[in-house]
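Here the structure comes first, spelled out in structure tokens, and everything after it is commentary.
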Amino acid sequence: METKTFRSRAATKIVWPVLALALLILVNVLLDARSFNSFTDAFREGAFLHISFKNGYPSGALIDILNHGSKVMILALGMSLVIATGGVDLSVGAVMAISGATAAVLTVRGLPPTVVIPIALLISMVCGLWNGILVGMLKIQPIVATLILMVAGRGVAQMITGAQIITFHSPVMEFIGNGRLAWLPLPFPFILVLIMLFITWVSTRKTAIGLLVESVGSNPTASRFAGVRATSVIMMAYIFSGFCAGIAGLIAASNIKAADPTHAGLLLEMDAIFAVVVGGTALTGGRFFLGGAIIGGILIQTLTTTMYAQDVSADVAPLPKAIVVLIVCLIQSETFRNKLSKTWRRKQS
Amino acid sequence: SSKQSEKQEGQITVGFSQIGAESGWRTANTQSIKSEAEKRGVDLRFSDAQGKQENQIRAIRTFIQQKVDVIAFSPVVETGWQPVLEEAKRAGIPVFLTDRAVDVTDDSLYVSFIGSDFIEEGRRAGEWLAKKMDGKAKIAELQGTTGSAPAIDRKKGFEAFIADYPEMTIIKSQSGDFTRAKGKEVFEAFLRSPEGSEINALYAHNDDMALGAIQAIEEAGKKPGTDIVIVSIDGVHDAFQAILDGKLNCTVECNPLIGPQVFDAVEKYLAGEELPKRIQIEEGVFDENIVTQEVLDKRQY
Amino acid sequence: MKLRLPIRYVPVGATAFIMILLFWIGAVSFEYFVSPGVVIGLFSEYAFLGIAAIGATFVILSGGIDLSVGSVVSFTSIFIAALIHKHGFHPLAAALLAISVGTIFGLSLGFFIQVFDMPPFMVTLAGMFFMRALGFVVHEQSMSIKHDFYTWISRDAVLVLPSGDGIPLRAFLMVGCILIAIVIAHLTRFGRNVYAVGGDEQSAKMMGLPVTSTKILIYGAAGFCSSLAGFVFTLYKQSGDPASAVGMELDAIAAVVIGGTQLTGGVGFMAGTLMGVIILGLIRTLIDFHGNLNSAWTSITTGLLLLTFIGLQRGIAHLGERAVKSNAAEAD
Amino acid sequence: MPDIHSDPSTPTAVQPRLLLRGTGLDKRFPGVHALQSVDFDLRPGEVHALMGENGAGKSTLIKVLTGFHRKDAGTVLLEDVPIDPASPKEAEATGISTVYQEVNLIPHLSVAENIGLGRQPTRFGLIQNRAIKQRAQQALARVGLKIDVSNSIAECSIAIRQLVAIARAIDLDAKVLILDEPTSSLDAGETAQLFEVVRNLKAEGIGIIFVTHFLDQVYQISDRITVLRNGRLIGTWPAPELPRIQLIEAMTGNKFSEQQPRTASVEAGTQRPAEEAVIQVKRLGRRNSIAPTSFHIHAGETLGIAGLLGSGRTELARLVFGIDRADSGEVRINGKPIRNGSIPAAIQAKMAFSPEDRKFEGIIPELSVRENIILALQAQLGPLRPISRAEQIRLADQYIQALKIKTPSPEFPVQNLSGGNQQKVLLARWLVTQPKFLLLDEPTRGIDVGAKAEIENLTHQLCQEGMAILFISSELDEIVRTSDRVLVLRDKMPIGEVAKDELTEPFIMQMIAKHEPEGAAN
Ligand SMILES: Nc1ncnc2c1ncn2[C@@H]1O[C@H](COP(=O)(O)OP(=O)(O)OP(=O)(O)O)[C@@H](O)[C@H]1O
Ligand SMILES: Nc1ncnc2c1ncn2[C@@H]1O[C@H](COP(=O)(O)OP(=O)(O)OP(=O)(O)O)[C@@H](O)[C@H]1O
Ligand SMILES: [Mg+2]
Ligand SMILES: [Mg+2]
């Protein structure tokens, strides 16, 4: 019985972000109910939970969340591994811009997607490798090491496009961020998320990579003494993060059918870190929870979509955001829950 | 120091501090300044502030230390320039503003402001829309970056104009951060909202957001330009293309190519001429009726 | 060669060396670089960053992180402006009130972090959103401060050098703050407790140190520094702006880390932070003096310079540690 | 087996005043009931030993008394006044000063700063660094340690840290002093010094709670003994009334036979030529660390390394295992040289190293017992050849049983195990890799008698199975029992090898004492 309790640790970690997400959706439903003056209309047109079928594909706020949240979710997968090693990758936004810019410029030059996509992803992985070398081999502190590419990367992206927004036309490239598959009518970016989640899960949990990452993050010295090649583990994590950023960059560019080197992925690194931490992975490294990171990504996008849906003006939008972040943290804090249950029990007796 | 020795007699040195390279419009603006400087043989010191006012203030101080002949800059925000401009004045260096104005108590701190009038742009957008829609519209507005001067003024001008038309109302308004991605995402949310089906006009504070919104409209199964009339500001190349394609109805030009006018003003000033405090840029309003392939081909940005 | 430098001073020594090297590069490359104006500028232009970085240093020394720096700076700036112009406060009263608000805000972040055992990253992120929004609630647009007293205290020369260059109040404020911070960090019980908490929080607790109050106070100090930085920011620009100082927390963290402080906590020096701020300033000054970089190259050069100097600093620190170790061994 | 129900200390007519009294102390952790209604008391001026196997609940009892853990039930009286400290800080304020088992000091601060933390003398709010240093030197002098107090703790060896922590604890004017395994890495001389201090404190009327696994020490110093087993109180006895064998029985709960001395299995060992040895270390040295040292170990042989604190035993082991890079010399396994300074290369050559610093170099705290056990093997296989889940569980179960690791489940985070059990997990980690050559640096540190005997027996057994073992320990008797030959180090230099008849404690002690360092002569 006890074995079971410990094995389901991942599950218990995920309970709290899921709970927070449910709470947020509930708030939306209540707000809808208030504006429609009735609860029965929770699914009617214009409501948060409403899903309609346009051209046979479902669409609605929930679908939008999956669609737009996909970039953060994919970034969060790579970020999970990096954070688990005890690091952090601030450059993902800039790498997104580089990836998108590369893809757009090559597409405009007339190269086929079969060439464009691999090149863009390869360049993103080179960016990851660069971070990995700085952190893993030169032992520069992750925040500054990746800050370098965060600053310089945007410049590189601007150089690639000549500081212009490059609009492209290519059915395949446009499909990445906007497409729908006939047999699985979810937004294609979200399908990419599922694929990436599966790939990440298999390659960390069905190999020993996950274990090695967690051991390096939890106690680097002891891991080294046990024969773990910490440097290569760290480098691998950053390369993977670069790869994820590359995919997210392709989605971002494809979404607007153009590469915007200055704004693509701007400030998304913070969202990704947020998603990872909400999902139960500690910033100090160690255990990571991929499912939690995905939920965290959905949570933050739900928050954004809620702002739009509820007409919260942009200047005060951070206020509800702050409150949600705080509530999520409180729910997650074991100390808080204990204190709460104690006061509750005291009241009962 | 080698640079200094190459400097020919009589060549003027101009320090120019640009906000950044946040849009195609801005890049064109930079390009115009740089190429004009080269054409006239001006020694241009260029500094990119990467969107931060602090960087601009430092750049201006550096220009003062380097003893340039003239300083020009596009301010990130309108406030906060008093101290550094006083310093420039004490050093005897004339200052020209481009693109945006500044809020200072003493307007002798700068020679002249060369640029567009954001309020006027908003007003013109409103005017065009009122004419097009016969004074009846349910409008969605995509605002620029919260708190930025163009966002505030373009909103102000537009609202002031449509205040006279009781049947023109803004039913949805959100910031799209001046970007395509946000413009698209926000407009999707607009369309889906309870009022979404009523929207029949869109006013976007810049072309990029309008271009994003056009994609959102198409994906929602509606026809941009027909089901929803769209007016935006700037007049970038892609916007003209969209007008040709019938997806965008009108763009109010905000001309970035101010290089010639800036250096004209600088040269006149150095030659001792009196200059007006405000030099307006020539700008047009381009809609379906005007834009043709020829017009598009002639656009430089 | 007898190097009697204790190992823990090596990284900060390397930072000092890099700083001097950077200045030398500027001096040989550009006319007018060696001038009182440039040197004063490094202190006065970066005064607000320096003061904010002091708070960040305390937080990072304790093993935490503070993401709310930029928002608190911008909130304080617009709050002061609004108090003066909308509510008729005297500038000093406005500044005092705003700094108190910032300090209380910091304390409450510390309270959440410590009492509910929540990750500092998340709590200060919430704080960052909160203060950003609050700034816009106060006033949605930037606002000039036009008050005689303000003009007077923010004038750019409270002390005029023989060369004619003036030193503004804010430069003195920053240097004063750094000096006080050095004393607090290295010569008070509170300072030692900060190091202890960052070095090993569990052990600090077992050693009977007041971990809870120390951590809450650290975030209070960070709130104080950020809001003081916000005040200095208004001296610098004579205006308040709710949209300003976005991402300043990263600059502050970068300055702290370049100054040789470990993000894992427990290791570092306040003086290093000052040098970190100056190095960031020198990088920017070099770029401005070069005066011919386009936008893309400005970003790339900033990144590359950052890399070069962090790399150099690490290299020198590494060599220095080895030299010190072998010297110490020979001396025995 | 002594009668559990009659506490022999109570019948005395005059009830001595109690300094500290805990009744019905109870503490549960998820999955473990670590303390089950335990009563405990302490008189002024007595040394009260707390005994029990690994995981019996000794450290937990202490942490409950000092408020590090909140107790689930029970009361604590200090001089008849109820106290309920919420933190060690509050306990300290009431007069309870503690050295916990995992030596708790701040690694990057200096020795002096560590001793002074939280109680620095100040003037105008500014701390007086010179006074702190002086006071630290005085405190260290009491435990007989002479080191530069401006060294940082991170540079000190475990033993030094232990002494510093004790110095810190006794520097305070406390009524109660709690020492949780203070002697686990001290050698005989330092232990004697410490006991001297303890006796002085005792004379001052301070009550001392003392946890150790060394039976000799218990009888040397303590007045009463309390035994815990599986979180339950077994009983409290005056030390002289509890014979050794009964103490062990009380601790383990079953009859116990003293560990038999090692039957010399390898008489031929020393005669075998060095070339045939499993491991050959030739003039291995590192500047400023350890002078060139040579030795070899055959299959089925144990080489002990003896030496005083700081004599370079750990540094030698690190060099052999490739943690530090050697400046000179080489290591050969089965005649093949090993790449210098590479841990993976050493592991590939079937070496294994169990480090002395469990907390920082040993366990991966957040990972489970299972994951900790398979880590080295997995690292050796590389990331792409995962050990199947079933195999992992099999290996973990096998070694949990073989080493009698006390854990509620293989999935328990290793950081929540008791100190001794963590040590066993480390051993298991390396046994799983089936090494040919095993380096054990203080493997019995903090391990109870039973387990110690188990580990010694295990070493014998592994040896018999053909493994070559390097055994480092601060306990000479243990080295003598375990080793075939002993390499003696002094001042980071080898001073000779001892075998056969000479392999006795007195001989080795003499050897270390006789060999005065050259520097001392002038
Ligand atoms: N923080 C914790 N969480 C969960 N279980 C714990 C925790 N601390 C201790 N335990 C468990 O409580 C039991 C008692 O541990 P304790 O540390 O008190 O043993 P001990 O008698 O000191 O052993 P040792 O001699 O090995 O140090 C062990 O089974 C241990 O696994
Ligand atoms: N008496 C001492 N004074 C100062 N430093 C010491 C002393 N003893 C050991 N050290 C330091 O501790 C570290 C470990 O020392 P070493 O490896 O020689 O110890 P050892 O022989 O394994 O003994 P132990 O493990 O018991 O400390 C070394 O860096 C050494 O400088
Ligand atoms: Mg214990
Ligand atoms: Mg040792």
For A:I209, is it the side chain, the backbone, both or neither that has a heavy atom under 4.5 Å from a heavy atom of chain D? both
Would you say the side-chain atoms of D:E391 pair up with the backbone N or O of D:I387, donor to acceptor, closer than 3.5 Å? no
Select all residues of residues 119-139 of chain A having any heavy atom within less than 4.5 Å of some heavy atom of chain D, and report them by number, or 'none'. none
One thing to verify: whether A:R287 and A:E214 come together as a salt bridge, which I'm taking to mean a side-chain N less than 4.0 angstrom from a carboxylate O. yes
For D:D357, is there an ion pair with D:R161 - N to carboxylate O distance below 4.0 angstrom? yes
side-chain contact (heavy atoms from CB on, under 4.5 Å) involving A:R224 - partner list, sequence neighbours excluded: D:I323, D:I343
Relative to each other, are the rings of D:F353 and D:F321 parallel, tilted or perpendicular (30° and 60° limits)? tilted
Quick check on the structure: residues of residues 233-245 of chain A within a heavy-atom distance below 4.5 Å of chain D, by number. none
Region of D:R318 in contact with chain A, defined by heavy-atom distances below 4.5 Å: side chain
Establish, for the pair A:R205 and A:F288, whether the NZ or CZ atom is under 6.0 angstrom from the six-membered ring centre and no further than 45 degrees off its axis. yes
Partner residues of A:T221 under the side-chain contact (heavy atoms from CB on, under 4.5 Å) criterion, sequence neighbours left out: A:N219, A:F225, D:E361
Matching residue for D:Q380 among D:I347, D:V432, D:L375 - test: side-chain contact (heavy atoms from CB on, under 4.5 Å): D:I347
Name the region of D:I374, side chain, backbone, both or neither, that has any atom closer than 4.5 Å to a heavy atom of chain A. side chain
Is any side-chain heavy atom of A:V278 closer than 4.5 Å to a side-chain heavy atom of A:I295? no
Side chain from CB out, backbone as N, CA, C, O: work out which of these in D:P365 comes under 4.5 Å of a heavy atom of chain A, or both, or neither. both
Does D:K27 reach the main-chain N or O of D:Q36 with its side chain, forming a donor-acceptor pair under 3.5 Å? no
If you measure only the distance, is there a donor-acceptor pair under 3.5 Å linking the side chains of A:N338 and A:S341? no
